Participant: 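First, the structure itself, so that you have it in front of you.
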Number of protein chains: 2
Amino acid sequence: MTSSEQETQVLTLQEPTPEAARETIAAGFDREALVTVFGRCTVDYDGRATSRLEAGERHVMFKPDGAALVHTDEGQQPVNWQPPGCDHEVFLEDEDGSEDGAEASGDAGDGNALCMRSLRSTPEERLLITFEHIMQVSTFTVTDPSELSLSGTEADLKARILDEPALLEPGFTPLATERETPAGAVDIYGEDADGRTVVVELKRRRVGPDAVGQLRRYIDALERDLHADAAIRGVLVAPSVTERAKRLLERDGLEFVALEPTAES
Amino acid sequence: MTSSEQETQVLTLQEPTPEAARETIAAGFDREALVTVFGRCTVDYDGRATSRLEAGERHVMFKPDGAALVHTDEGQQPVNWQPPGCDHEVFLEDEDGSEDGAEASGDAGDGNALCMRSLRSTPEERLLITFEHIMQVSTFTVTDPSELSLSGTEADLKARILDEPALLEPGFTPLATERETPAGAVDIYGEDADGRTVVVELKRRRVGPDAVGQLRRYIDALERDLHADAAIRGVLVAPSVTERAKRLLERDGLEFVALEPTAES
DNA sequence: CGTTCAATGTCGGAG
DNA sequence: CTCCGACGTTGAACG
């Protein structure tokens, strides 16, 4: 390893030979660096599904946590990937398909393909990227002490109602959050001004039929569990509701309250 | 623009001044190149939610289609992002917060922060990345002619059953796919050996309670629609089913058939 | 546009 | 590990 690799956080090779690329990438893996490779490659995946991507130019990123990402020029999502926790390896492959290790025979194998493999178990998944032309290799030493602070989530909506239960309806009293039922945990469990049990399901944005089904399951489970004579009220809280979901709510005798996760500014 | 920018597909600056970085990034946007920036930055997002990320080292990618991705050293998902279709801009900001355009005053503003903004409407969303230290800027000209070929999807599972309906059960006859109901489209609609209507819901992998709710909605909708006297059979097809979902199936009188999206090899 | 549903969804938390 | 539900889910297909 040269001194520059130790002293700088970024190391970049332009148009490296396959062997030079292999060496730098392998050192990057060892150092727990973030490694990027840009060039012309094919990609094969086999695991939860199976895919193949023919030759094209792509940007590949390997993270120190074991994640791998293959990006094309379009799309927010990578065209292929591997989740964190995978093991990465890099090696050269001869034209006949045999693998060349670092201890490759004298000739540096300029005509060889650079292969990068990412493996995982449970479930078994394999990603193989084969570069026929490497235009850039970079390794980055990353230090990121900060956590993302996010607001406007379902947790914010819950806090908002617990802080001011009248936002649901006057006289509403929360009794528990995440109350367990055989069908799962109810977001907010409480009672109304008349003492009737109320089950509240929260959604941070416009809801479809799935949320109604979820709410209905909670109520069914509770009515069986509590042998309730008086029907339990079910209230869906969200900014808005689709037409289909609205009809399902009416059919099942459930209610809807419009509320945003954060107060309007 | 120098000749190298036109002739090479990859252009990289190491430890550039903010103004040099701004110029190269702006040129990259104009060329519809894929642009990456690595350095120490803060990130602010406001739109469907609100988030802030304090200073740390991150890898940022801007794609020609308008997507933006901010990656830390961990996670498959970017810590912040913007979907395709956004407008990107890059500019320098003085310490007082005022923006400096390309026509900035004579002093090249070495102490200034490099800002990159990505904007979108419907919904209104803003991403602002402020770099206090830029270690690398790269622009890549990407050509990728290939499409991903993927197998093992729900479509494969459907094709498998349509090709060999007996995989569902002997005597099953598919009559329609994507048959519309008030609750959405049924994956496969058919009848069994006794002429009873069968609704089939397909899932490419192990299913939980949500899939049971989906199947139940279809059956309820069809029974109302057809005023069916004889009950409609509902069959969930998936590789396997969770315990909770199994109980829900039994409770609702629905059936389960174990089947993989592709034949075992 | 809005609605619906699949996805190699990913991710985090609980059991 | 599995199960479960949220997510700034993303993405595509369709009305």
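These numbers were taken from a predicted model, which means no experiment stands behind them. Every heavy atom of this structure was used, including side-chain atoms; hydrogens, water molecules and symmetry mates were not. Proteins get letters first, then strands, A, B, ... in listed order; numbering begins at 1 in each.
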Participant: So does B/A183 get a backbone contact from the side chain of B/T181, meaning a donor-acceptor N/O pair under 3.5 Å?
Facilitator: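 Flag set: sc B/T181 to bb B/A183 pair under 3.5 Å.
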Participant: CG of B/L150 versus C1' of D/dG11: gap in Å, rounded?
Facilitator: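 The distance from CG of B/L150 to C1' of D/dG11 comes to 13 Å, rounded to the nearest Å.
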Participant: Would you confirm whether A/R204, through its side chain, and A/A155, through its main-chain N or O, come within 3.5 Å as a donor-acceptor pair?
Facilitator: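 Pair absent, no side-chain N/O of A/R204 close to backbone of A/A155.
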Participant: Specify the separation, in whole Å, of atom NZ of A/K158 and atom C1' of C/dG13.
Facilitator: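 About 12 Å, once rounded to whole Å.
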Participant: Rounded to the nearest Å, what distance is computed from the CG atom of residue A/L148 to the C1' atom of nucleotide C/dG12?
Facilitator: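 Rounded to the whole Å, the gap is 14 Å.
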Participant: Scan residues 248-262 of chain B against DNA chain C and write down, sorted by residue number, each residue with any heavy atom closer than 4.0 Å; if none is found, say none.
Facilitator: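 Correct list: empty, so none.
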Participant: On DNA chain C, does the nearest nucleotide to A/V241 precede the nearest nucleotide to B/G152 from the 5' side, or the other way round? Give the residue.
Facilitator: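 It is A/V241 whose nearest nucleotide is closer to the 5' end.
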Participant: Is it true that B/K63 and A/E74 have a side-chain N and a carboxylate O under 4.0 angstrom from each other?
Facilitator: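 Answer for the salt bridge query: no.
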Participant: If I pick the P atom on C/dT8 and the same atom on C/dT4, what distance separates them, to the nearest angstrom?
Facilitator: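 It comes out at 22 Å once rounded to the nearest Å.
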Participant: Using a strict threshold of under 4.0 Å (side-chain N to carboxylate O), is an ion pair present between B/E89 and B/R117?
Facilitator: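 Yes, charged N to carboxylate O under 4.0 Å.
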Participant: Where the side chain of A/D46 meets the backbone of A/R126, is there a donor-acceptor pair that is under 3.5 Å apart?
Facilitator: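 Looks like no, no N/O pair under 3.5 Å.
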Participant: Would you mind reading off the distance between B/L215 atom CG and C/dT4 atom C1', rounded to a whole angstrom?
Facilitator: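 That distance rounds to 17 Å.
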Participant: Of A/G75 and A/Y218, whose nearest nucleotide on DNA chain D comes first from the 5' end?
Facilitator: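 Between the two, 5'-proximity favours A/Y218.
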Participant: Sequence neighbours excluded, which residues qualify as ring pair (Phe, Tyr, Trp, His ring centres under 6.0 Å) partners of B/F172?
Facilitator: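 Once residues adjacent in sequence are excluded, B/F172 has no partner under the ring pair (Phe, Tyr, Trp, His ring centres under 6.0 Å) criterion.
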Participant: Mapping B/R120 and A/G184 onto DNA chain D by nearest heavy atom, which one lands closer to the 5' end?
Facilitator: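 Mapping each residue to its closest nucleotide by heavy atoms, the 5'-most match is A/G184.
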Participant: Can you check the A/E74 CD to D/dA12 C1' distance for me, whole Å?
Facilitator: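 Rounded to the whole Å, the gap is 15 Å.
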Participant: Within residues 76-84 of chain A, which residues have any heavy atom lying less than 4.0 Å from an atom of DNA chain D?
Facilitator: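 Under 4.0 Å from DNA chain D: A/Q76, A/Q77.
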Participant: Under a 4.0 Å threshold between the charged nitrogen and the carboxylate oxygen, would A/R40 count as salt-bridged to A/E57?
Facilitator: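 Salt bridge: no.
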Participant: Just how far, in rounded Å, is P of D/dG8 from CG of B/L69?
Facilitator: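 Going from CG in B/L69 over to P in D/dG8 covers 15 Å.
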Participant: Looking at DNA chain D, which of residues 36-59 of chain B put a heavy atom within less than 4.0 Å of it?
Facilitator: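 DNA chain D contact set from residues 36-59 of chain B: B/Y45, B/R48, B/A49.
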Participant: B/R204 has a side chain; which of C/dA7, D/dC4, C/dC5 sits nearest to it?
Facilitator: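 The listed nucleotide nearest to B/R204's side chain is C/dA7.
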Participant: Send over the distance from B/E147 CD to D/dA12 P, rounded to a whole Å.
Facilitator: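 Nearest whole value for this atom pair: 10 Å.
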Participant: Is the side chain of A/R233 donor-acceptor paired with the backbone N or O of A/E191 at a distance under 3.5 Å, no angle test?
Facilitator: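 Not a single qualifying donor-acceptor pair exists.
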Participant: Looking across every strand, which nucleic acid part, if any, lies under 4.0 Å from A/A183 by heavy atom: base, sugar-phosphate, or nothing?
Facilitator: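 Sugar-phosphate, backbone atoms only, no base.
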Participant: For DNA chain D, list all stems, counting runs of three or more consecutive pairs where every pair is Watson-Crick or G-U wobble with both distances under 3.5 Å.
Facilitator: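 Output for stems: C:1-7 with D:9-15, C:9-15 with D:1-7.
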Participant: Is a donor on one side and an acceptor on the other found under 3.5 Å between the side chain of A/H71 and the backbone of A/R58?
Facilitator: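 It does not hold such a pair.
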Participant: Check every atom of D/dT9, D/dA6, C/dT8 against the side chain of A/E201 and return the nucleotide holding the closest atom.
Facilitator: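 So the side chain of A/E201 is nearest to D/dA6.
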Participant: Is a donor on one side and an acceptor on the other found under 3.5 Å between the side chain of A/D87 and the backbone of A/L119?
Facilitator: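 Between the backbone of A/L119 and the side chain of A/D87 there is no qualifying donor-acceptor contact (under 3.5 Å).
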Participant: Between A/D220 and A/R224 (salt bridge meaning N to carboxylate O under 4.0 Å), is one present in this structure?
Facilitator: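 Salt bridge: no.
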Participant: Scan residues 33-56 of chain A for pairs that pass ring-ring contact (aromatic ring centres under 6.0 Å, His included), counting only residues two or more places apart or in two chains.
Facilitator: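 Residue pairs passing ring-ring contact (aromatic ring centres under 6.0 Å, His included), neighbours aside: A/F38-B/F140.
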Participant: With a 4.0 Å cut-off on N to O distance, would you call B/K158 and B/E178 a salt bridge?
Facilitator: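 Salt bridge: yes.
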Participant: Using the P atom as the point on both nucleotides, what is the distance between D/dC4 and D/dG8, in whole Å?
Facilitator: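 It works out to 22 Å between them.
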Participant: Quick check: B/H59 with A/H59 (ring centres under 6.0 Å apart)?
Facilitator: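 Yes, the ring of A/H59 comes within the 6.0 Å limit of the ring of B/H59, centre to centre.
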Participant: Please tell me which of the listed nucleotides, D/dA6, D/dC3, C/dT8, lies nearest to the side chain of A/K203?
Facilitator: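 From the listed options, D/dA6 comes nearest.
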Participant: Strictly below 4.0 Å: does A/T122 bring a side-chain N or O up to OP1 or OP2 of D/dC1?
Facilitator: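 A/T122 to D/dC1 OP1/OP2: side-chain N or O found under 4.0 Å.
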Participant: What is the distance, rounded to the nearest whole Å, between atom CD of B/Q214 and atom P of C/dA7?
Facilitator: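 After rounding, the gap between these two atoms is 11 Å.
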Participant: If you check the A/T153 side chain, which of C/dA6, D/dG5, D/dC7 turns out closest?
Facilitator: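 The listed nucleotide nearest to A/T153's side chain is D/dC7.
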Participant: Are A/R206 and A/S240 close enough that a side-chain donor and a side-chain acceptor fall under 3.5 Å?
Facilitator: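 Note: A/R206 and A/S240 side chains meet the donor-acceptor criterion.
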Participant: Any idea which of D/dG8, C/dC5, C/dT10 is nearest the B/R205 side chain?
Facilitator: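 So the side chain of B/R205 is nearest to C/dT10.
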Participant: Out of D/dT2, C/dA6, C/dG2, which nucleotide sits closest to the side chain of A/R206?
Facilitator: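 Nearest nucleotide to the side chain: C/dG2.
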